[in-house]
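Below is one structure, written out as C-alpha cells; comments come after it.
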Amino acid sequence: MTGSTAKGRLIGYARVSTDDQATDAQVDVLKAAGCAEIFREHLSGAKASRPELARALARVRRGDVLVVARLDRLARSLSHLLSVIAELDAKGAHFKSLADPIDTTTPQGRFAMQVLGAVAELERALIQERTKDGLRAAKRRGRVGGNPKLRAGDRDAIQQITDAKAQAYFERVNHTAEHWLPIVKEMRPQHRWQDIVRVLNAKRDRSNGAPLPLWSGERLKRAVKRFVAEGLADPTLLQPAGRKFSSERLVTLVAGVKRANPELTLAQIGAQLEAMYERTPRGGTRWAPSSVKSLLDRAEKLGLFGAETV
C-alpha cells in the first residue's frame, strides 16, 4: 500500500503522554496503513497547545487524510475532536482513526461524525443550562462568580488562559493558511506588508463567499510571526522590506496578484495595480495589458508560478 489515497496523501499523527513513553507501536500501525509522513508528539492530551499536531494540520492539503491509531491519541475531548475534523473539512481533507469506526472518506464515517456532533451539541446545551442554574443559585447566596485563581492573580492560571487564547488564535489563522501563506512566502520580504494585504484582500473579494479573512498590515504580520514561532515559516519573512526595492519587485508583485486570483484578465490585473497606486516600469500611472503580460512572462521564466501555468 502506498502513502497516498486516490486524491491525496495519508499523514499520520502519533502521541504519547510523556518523554519516557515511545510512539513506536503507533508509528508501526500508521506505516502499515500507508502513512509515509508521520508527526510524533510527546505531550499530555490535556495540553491545549500541541506543536506537532499543529504542524500535521498545517501540512494537510485538499484530498489528504489525517490518520491516527486511536481517537484518544488525537483529541482531548469530543469538542476538540469535532474542532479538528471541522478544520480538516474546511481544507477539503479527511480524518481516519484506525481502531475506531471513524473515517470521513466513507458515508458510514461521515454519519458517525454527525451522530457525535449531535451528542456534543446536546452536551453543550446541558452544560450551559447547569452553569446558568449554578450561577443563579450562587448569586442568591451572595457568592461572587469567576475564577478565584484569576482574581487572586495566580501566574499559572493566567498563563494557562494566555496559552489557550494563543492556541485558539493559531487554529483560526491556520484554517485559511493555504489561501494566504503561499502568497506571503512568495512576496516577502521584497514587498511591504501593505502591498501583500491589498493582494490578499482582492483575493477575498473575488472568493465568491469563501470564509477568507479581511487583512490589515498588523494582523497579517502577527499571523506570520505565529507561523514563524511554530517553525512553519521562514524567519526571513519578517525582515524589513527596506526603502529601496529590487528591480524584480514589480515582477513578483504581478505574480502574486495572478496567483491570488488566477482567473483575472490582463486588464483586470492592470486595474488592480492602478488601484494599488503602482507605477508602470516606465513610471506611468496607467497599466496597459501588454505591460502586465510582459511582467507575467518574466515571472514565468523565473519559475514564480512553480508547476502552474499563467
Side-chain angles (χ1 to χ4, degrees), residues 8-9 11 13 37 39 49-66 83-94 165-241 248-249 251-264 272 276 299 302-308 310:
R9 304 162 299 168
I11 296 177
Y13 173 73
E37 185 173 11
F39 293 81
S49 178
R50 285 192 242 161
E52 290 305 311
L53 177 58
R55 289 186 174 89
L57 292 172
R59 182 70 169 159
V60 169
R61 296 292 180 265
R62 178 173 296 276
D64 292 348
V65 183
L66 180 67
S83 174
V84 170
I85 293 179
E87 179 174 344
L88 293 170
D89 186 61
K91 293 184 173 185
H94 304 282
K165 288 182 177 180
Q167 181 62 20
Y169 170 75
F170 174 74
E171 290 174 357
R172 286 198 305 273
V173 295
N174 192 38
H175 275 309
T176 57
E178 62 182 319
H179 296 286
W180 58 267
L181 189 57
I183 296 170
V184 172
K185 288 180 177 179
E186 179 182 314
M187 298 182 68
R188 287 291 302 169
Q190 294 88 352
H191 296 271
R192 297 165 295 183
W193 291 105
Q194 203 56 42
D195 288 343
I196 307 172
V197 164
R198 291 191 182 104
V199 171
L200 293 175
N201 286 342
K203 176 184 174 82
R204 176 182 181 272
D205 293 341
R206 296 176 179 272
S207 62
N208 297 322
L212 301 180
L214 178 64
W215 294 103
S216 67
E218 284 304 314
R219 186 179 179 192
L220 181 60
K221 191 173 181 179
R222 179 190 174 198
V224 174
K225 282 183 177 178
R226 181 58 196 266
F227 272 72
V228 169
E230 292 286 346
L232 300 174
D234 194 308
T236 58
L237 298 181
L238 298 173
Q239 291 179 354
E248 298 299 327
R249 177 178 173 273
V251 176
T252 55
L253 178 60
V254 172
V257 172
K258 183 66 176 178
R259 287 194 62 176
N261 299 278
E263 77 285 357
L264 289 182
Q272 184 170 326
M276 294 167 64
L302 291 171
L304 298 184
F305 295 105
E308 302 171 4
V310 178

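Computation of the quantities below employed the complete heavy-atom set of this structure, encompassing side-chain atoms and omitting hydrogens, waters and symmetry-equivalent molecules. We count residues from 1, following the sequence as given.
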Considering all heavy atoms, the nearest L232-L181 contact: O-CD2, 4.4 Å

Working note: I196 + W215, criterion side-chain contact (heavy atoms from CB on, under 4.5 Å); need CA distance, chi angles, decisive distance, verdict. CA-CA 9 Å; I196 307 172; W215 294 103; over 6 Å; no

Spacing of CG belonging to L253 relative to CD belonging to E186, to within rounding of 0.5 Å: 9.5 Å

Classify the angle between the aromatic ring planes of F227 and F170 as parallel (below 30°), tilted (30 to 60°) or perpendicular (above 60°). tilted

K225 and K221, any side-chain heavy atoms less than 4.5 Å apart: yes

Can R222 and E218 be counted as an ion pair, charged N to O under 4.0 angstrom? no

Nearest heavy-atom neighbours spanning L66 and A56: CD1-CB, 4.2 Å

Over 12 non-hydrogen atoms of neighbours within 6.0 angstrom of CZ in R59: no

How close do R259 and P182 get, heavy atom to heavy atom, and via which atoms? NH2-CB, 4.5 Å

What verdict does the side-chain contact (heavy atoms from CB on, under 4.5 Å) test give for D234 and K185, after you've listed the backbone C-alpha separation in whole Å, the side-chain angles of each residue and the deciding distance to 0.1 Å? CA-CA 8 Å; D234 194 308; K185 288 180 177 179; over 6 Å; no

Looking at A93, is its backbone amide N or carbonyl O close enough to the side chain of R61 to form a donor-acceptor pair, meaning the two atoms are under 3.5 Å apart? no

Hey, mind stepping through L88 and D64 against side-chain contact (heavy atoms from CB on, under 4.5 Å) and telling me if it holds? CA-CA 9 Å; L88 293 170; D64 292 348; over 6 Å; no

Can you name the closest pair of heavy atoms from N174 and K91 and give their distance? O-CE, 3.6 Å

If you measure from NZ on K258 to CD1 on I183, what distance do you get to the nearest 0.5 Å? 13.0 Å

Quick check for you: to the nearest 0.5 Å, what is the distance between S216 atom OG and N201 atom CG? 8.5 Å

Does the side-chain contact (heavy atoms from CB on, under 4.5 Å) test come out yes or no for F39 and I11, once each step is laid out? CA-CA 8 Å; F39 293 81; I11 296 177; 3.7 Å; yes

Cationic tip of R219 above W193 ring, under 6.0 Å, 45° of axis: no

In the structure I gave you, are the side-chain heavy atoms of H94 and V65 within less than 4.5 Å of one another anywhere? yes

Does L57 reach the side chain of Y13, with side-chain heavy atoms less than 4.5 Å apart? no

Any salt bridge linking R55 with E52? Criterion: basic side-chain nitrogen under 4.0 Å from a carboxylate oxygen. yes

State, to 0.1 Å, how close L264 and Q272 come at their nearest heavy-atom pair, and which atoms those are. CD1-OE1, 3.8 Å

Could you report the tightest heavy-atom contact between G256 and V199, atom names first, then the distance? O-CG1, 3.6 Å

When you check the gap from the basic side-chain N to the acidic O, do D195 and R192 get nearer than 4.0 Å? yes

Determine whether a donor-acceptor pair (N or O, by modelled atom type, separation under 3.5 Å) exists between the side chain of R188 and the backbone of H191. yes

